[in-house]
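Numbering starts at 1 and runs along the sequence shown. Order of listing sets the numbers, starting from 1, for every ligand and every atom in it.
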Amino acid sequence: MSVCVPIFLAVYNVAFVCAFLHSCSNTVDAYFATESPIAKDKLLANIGRNGSESSGAKSGIVIASPSTNPNYVYTWTRDSALVFQTIIDQYTLGLDTSLRSQIDNYVAAQKIIQQVSNPSGTVSTGGLGEPKFNIDETAFTGAWGRPQRDGPALRANALITWANFLLTQGNSSYVSVTLWPIIKLDLDYVSANWNQTTFDLWEEVSSSSFFTTAVQHRALRQGIALATAIGQADVVSGYTTQAANILCFLQSYWNSGGYMTANTGGGRSGKDANTVLTSIHTFDAAAGCDSVTFQPCSDRALSNLLTYINAFRIYAINSGIAANQGLATGRYPEDSYFGGNPWYLATLAVAEQLYDALIVWKQQGSIDVTALSQPFFANLSPGIAIGTYPSSSATFTTLTAAVKEYADSFVAVVAKYTPSGGGLSEQYSRSNGAPTSAADLTWSYAALLTANGARNGMVPTSWGAKGLTVPTTCQRGGSGGGGGTVAVSFNVQATTVFGENIYVTGSVDGLANWSPDNALLLSADSYPIWKITVNLPASTSIQYKYIRKFNGAVTWESDPNRQFTTPASGSFTPNDVWR
Ligand code: NOJ
Ligand code: NOJ
């Protein structure tokens with residue numbers, strides 16, 4: 001009897017069944033068939049003024065979640081834009097023609113929100129970077145990680161998709177008169193501020209962030225094409241210059257470990273759903289498997305994906321899951337928010353990236369296995385050699401089937417941990433898979449719909465990623481960049497013994513070029529915070545460490561080096577704790 005128990009239990013584990021008894025495909029077909037209409041209903045329920053969970057929200061306002069504990073009854077520019085990108089794609093691709101008035105309401109609401117003065121500024125002094133507002137369209141004035149500069153870019157991307165569709169319908173006057181002024185405000189903000197420090201999409205790290213940079217790049221490229229189409233030629237040359245600069249900067253997040261470092265600051269591994277979300281939200285099937293724009297099937301994005309996935313084997317619910325099977329993934333492995341759990345939208349993003357990749361491989365009729373992507377493919381097809389496999393080959397058939405099965409196995413994880421009733425919260429527990437944090441997260445529902453869309457071969461309209469090349473020299477432009485210096489105020493919390501002192505040194509002249517002998521002494525006037533303000537070059541990526549000196553002995557902080565990119569102008573304050 002005791003021998004039978006493990007086998008009996010195993011049969012109840014959906015992922016296990018899906019791996020060994022039959023493919024995940026049927027499980028996932030059934031899950032999406034049931035869950036998609038639920039997700040659509042629950043997504044719309046969170047949109048004012050008529051959504052059933054949207055009490056108090058103005059027309060077109062997306063509530064992040066109706067949860068009051070944690071309190072998510074606010075409207076985030078990022079969440080709203082991603083939700084409406086989903087709605088606009090569904091409408092414009094003909095999947096749901098009932099959504100037109102929702103889109104009109106969103107446009108009207110964003111036109112108002114843009115003009116609301118808030119703690120980040122007014123519409124002309126940085127207020128567009130404000131991350132969230134009250135649902136009655138007034139400013140949220142509490143403390144928050146601000147600004148978050150992905151918001152205006154994501155909103156522009158959604159609205160440009162909408163504008164492009166309307167142009168195909170011959171409605172160019174609405175595009176020029178109503179949409180363009182809203183879009184232009186966001187694009188001007190992106191063009192002028194992309195090089196400034198920002199909080200990341202998780203609202204925690206203030207530095208530069210891959211997702212933010214990538215969606216900003218997309219916004220300007222799409223903006224250039226739209227401006228050209230509607231005769232707004234005056235913005236084209238400025239946006240073109242900055243788009244090239246952003247594309248250049250975007251490459252600098254790649255690291256030799258074979259993945260994208262999510263943030264230039266924050267002191268983490270850099271393995272982060274930020275990067276997978278980037279790949280799906282800048283997907284452009286016309287660009288093929290281009291690695292410069294990090295397309296879902298590019299070798300960089302596949303290498304990155306495998307690294308990201310494996311970082312989440314730390315969760316108890318992933319224990320024992322085979323290397324070639326889907327598992328529960330979250331924001332980043334160091335996450336501690338609500339205990340640091342898998343997120344539905346993160347696990348679904350893995351599947352979506354792979355479905356997007358399959359669309360392109362089938363469209364182009366071949367798969368390239370490069371040295372960089374070989375480990376990703378070998379995980380699914382042991383021994384696979386570097387090479388190009390045309391769609392006529394047996395290997396192409398094997399690989400595409402394996403990738404499809406792998407993608408489905410991530411959805412199967414989400415299916416397994418979707419409670420009866422189909423509600424999707426923000427997170428599911430790392431220890432038992434139970435839903436946790438905010439219930440009915442609007443973004444979770446959008447993520448489910450876009451993953452299903454990609455699985456069904458839905459291709460979003462092109463944004464112009466095809467054929468882009470990285471300039472040979474990068475200008476870290478934005479407004480006021482180039483040549484100047486900024487005041488950097490280093491603050492580090494460090495307990496010391498009497499006679500021991502804290503110094504800083506790093507990768508630039510102003511930080512004594514990594515010399516412990518010439519390192520700069522910090523002041524202990526605010527002990528245990530040690531401080532020094534140094535003028536350093538603007539728009540520059542800088543690495544540094546603190547060191548302690550005591551009785552002639554030098555002790556360095558532990559690896560890795562700390563890093564930030566100075567803003568184009570103004571000042572910058574790293575707040576660190578000795579490690
Ligand atoms: C609330 C933010 O929305 C979330 O992303 C973050 O993890 C927590 N605050 C903790 O900083
Ligand atoms: C916390 C997430 O980290 C952030 O990305 C999101 O915008 C807010 N919650 C609202 O959903």
- Item | Nitrogen or oxygen of Y337 less than 3.5 angstrom from that of ligand 2 | no
- Message: Rounded at 0.5 Å granularity, tell me how far OG in S124 sits from CG in L185.
- Response: 9.0 Å
- Atom indices of ligand 2 within 4.0 angstrom of Y72 heavy atoms, with elements: 1 (C), 9 (N), 10 (C), 11 (O)
- Query: Which residue owns the protein heavy atom closest to atom 6 (C) of ligand 1, what's the atom, and how far is it?
  - Reply: E204 OE2, 3.3 Å
- Considering only the protein, which heavy-atom contact is closest to atom 4 (C) of ligand 2, and what is its distance? L201 O, 3.5 Å
- Message: Show the atoms of ligand 1 that are less than 4.0 angstrom away from any heavy atom in E203.
- Response: 2 (C), 3 (O), 5 (O)
- Message: With nothing but distance in play, are any N or O atoms of A64 less than 3.5 Å from an N or O of ligand 2?
- Response: no
- Take the angle between the ring planes of F312 and Y315 and call it parallel below 30°, perpendicular above 60°, tilted in between. tilted
- Query: Would R268 count as a cation-pi partner of Y332, with NZ or CZ less than 6.0 Å from the six-membered ring centre and within 45° of the ring normal?
  - Reply: yes
- Whether Y74 and W76 hold their rings parallel, tilted or perpendicular, with breakpoints at 30° and 60°: perpendicular
- Message: Give me the nearest non-hydrogen protein atom to atom 11 (O) of ligand 2 as residue plus atom name, then the distance to 0.1 Å.
- Response: D79 OD2, 2.6 Å
- Task: Return the residue, atom name and 0.1 Å-rounded distance of the protein heavy atom closest to atom 8 (C) of ligand 2.
- Result: W76 CE2, 3.7 Å
- For the residue pair Y546 and R579, confirm or rule out a side-chain donor-acceptor distance under 3.5 Å. no
- Message: So, 4.0 Å and heavy atoms of E426: is ligand 2 close enough to count as a contact?
- Response: yes
- Query: With a 4.0 Å cut-off on heavy atoms, is T442 touching ligand 2?
  - Reply: no
- Message: Out of all atoms in ligand 2, which are within 4.0 Å of some heavy atom of W343? Include the element for each.
- Response: 2 (C), 3 (O)
- Which ligand 2 atoms are under 4.0 Å away from a heavy-atom of L441? 11 (O)
- Query: Do any nitrogen or oxygen atoms of R78 lie less than 3.5 angstrom from nitrogen or oxygen atoms of ligand 2?
  - Reply: yes
- Within 45° of the ring axis of W254 and under 6.0 Å from its six-membered ring centre, is that where the NZ or CZ of R300 lies? yes
- W443 heavy atoms within 4.0 Å reach ligand 2 at atoms 5 (O)
- Of K132, R146, R78, the one forming a salt bridge (Lys or Arg N to Asp or Glu O under 4.0 Å) with E203 is R78
- Show your working on salt bridge (charged side-chain N to carboxylate O under 4.0 Å, His left out) between R562 and D576 and close with a plain yes or no. CA-CA 9 Å; R562 296 178 183 275; D576 299 321; 3.3 Å; yes
- Task: Report yes if some N/O of R331 lies less than 3.5 Å from some N/O of ligand 2; otherwise report no.
- Result: yes
- Y308 six-ring face occupied by K271 cation (under 6.0 Å, within 45°): no
- Query: Going by the atom numbers of ligand 1, which of them fall below 4.0 Å from some non-hydrogen atom of W202?
  - Reply: 4 (C), 5 (O), 6 (C)
- Message: Does the Lys NZ or Arg CZ of K40 fall within the cation-pi geometry relative to Y445 - under 6.0 Å from the ring centre and within 45° of the axis?
- Response: no
